[in-house]
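Shown next, in structure tokens, is the structure this report addresses.
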There are 2 protein chains.
Amino acid sequence: MEIREVFAINLRRRRQAAGLSQEELAHRAELDRTYISALERCVYAASIEVVDRLARELGVEASELLQRPSVPKIRKKGGASKTTGE
Amino acid sequence: MEIREVFAINLRRRRQAAGLSQEELAHRAELDRTYISALERCVYAASIEVVDRLARELGVEASELLQRPSVPKIRKKGGASKTTGE
DNA sequence: TTCGATTGTAGAGAATACTCCGTGGTAGAA
DNA sequence: TTCTACCACGGAGTATTCTCTACAATCGAA
């Protein structure tokens with residue numbers, strides 16, 4: 001999983017959890033709305049400065065937005081082994 | 001503390017801990033040597049892609065390189081209160 | 001349908017990250 | 001001293017991020 005994707009997913013989830021629209025978040029973080037949209041679609045690799053500004057407005061640490069999803073406990077009998085895709 | 005600084009400090013500490021020169025790390029992460037130097041001096045705000053590439057070569061998660069140093073348990077009697085500097 | 005709110009997307013330009021060249025400085029070993 | 005390894009730093013050029021404007025699509029409510 002690419003780091004852009006990790007960030008995109010975390011950003012969208014946190015934003016929605018905070019009940020903010022892309023526009024609201026963009027305004028608070030002093031960024032452009034279309035840019036937030038692009039970030040959530042993995043169009044760009046954000047600089048750590050925008051990661052930090054978004055994290056602040058979402059009430060989390062910058063590092064959290066780069067946290068890869070923890071592997072969700074595999075429960076299997078005889079299924080084919082599945083790789084992470086990365 | 002600015003996020004650049006957080007990253008710069010973590011990068012340098014991890015690099016030295018790994019016993020790598022800026023040149024060695026740059027080569028392994030396929031980045032320019034002078035750029036690594038600049039990152040450790042807070043000249044630029046790296047993109048999350050270079051954070052990720054450096055993290056890989058240092059054997060850590062990208063998110064770790066953005067982790068702010070934990071406040072080291074204040075032990076004081078009557079000293080002037082000290083701010084974080086930020 | 002019509003409206004408001006939200007998001008996707010395109011294009012052009014400004015700003016900044018990143019590369020590549022070179023120079024110099026410091027410290028340790030020969 | 002001389003050599004080597006390592007790092008700070010400058011400038012110029014390329015690549016990418018980020019801003020701004022505009023238009024279209026979707027969805028739920030009136």
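Using a 4.0 Å heavy-atom distance criterion, B:A38 is classed as making no nucleic acid contact. Contact annotation for A:E30: backbone-only contact, meaning every heavy-atom pair under 4.0 Å involves sugar-phosphate atoms and none involves a base.
For B:T34 against C:dC20, a side-chain N or O and a base N or O form a donor-acceptor pair under 3.5 Å.
The side chain of B:Q22 places an N or O atom within less than 4.0 Å of a non-bridging phosphate oxygen (OP1 or OP2) of D:dA8. Remark: B:R33 is not in phosphate contact with D:dC7, judged by side-chain N or O atoms under 4.0 Å from OP1 or OP2. Contact annotation: B:S21 side-chain N/O to D:dA5 OP1/OP2 distance is not under 4.0 Å.
Place B:I36 and B:Y44 on DNA chain D by their nearest nucleotides, and B:I36 ends up nearer the 5' end.
Summarising the local packing, CD of B:E23 is surrounded by 12 or fewer heavy atoms from other residues, nucleotides or ligands at distances under 6.0 Å. With a 6.0 Å radius and a threshold of 12 heavy atoms from other residues, nucleotides or ligands, B:E30 has its CD atom at or below the threshold.
Remark: side-chain polar atoms of A:R33 are not paired, donor with acceptor, to backbone N or O of A:A26 under 3.5 angstrom. Listed for the B:D52 side chain is no donor-acceptor partner under 3.5 Å among the backbone atoms of B:I48.
Here the side chain of A:L31 is nearest to one of C:dA17, D:dT19, D:dA8, namely D:dT19.
Within residues 46-55 of chain B, the residues having any heavy atom under 4.0 Å from DNA chain C are, by residue number, B:A46, B:S47, B:V50. Residues of residues 8-17 of chain A having a heavy atom closer than 4.0 Å to DNA chain D: none are found.
Salt-bridge annotation for B:E24 and B:R28: present, with a side-chain N of the basic residue lying under 4.0 Å from a carboxylate O of the acidic one. Salt-bridge formation is detected for the pair A:E61/B:R68: a Lys NZ or Arg NE/NH1/NH2 atom is positioned less than 4.0 Å from an Asp or Glu carboxylate oxygen.
Following rounding to the nearest Å, A:H27 (NE2) and C:dT7 (P) show an atom-to-atom distance of 16 Å.
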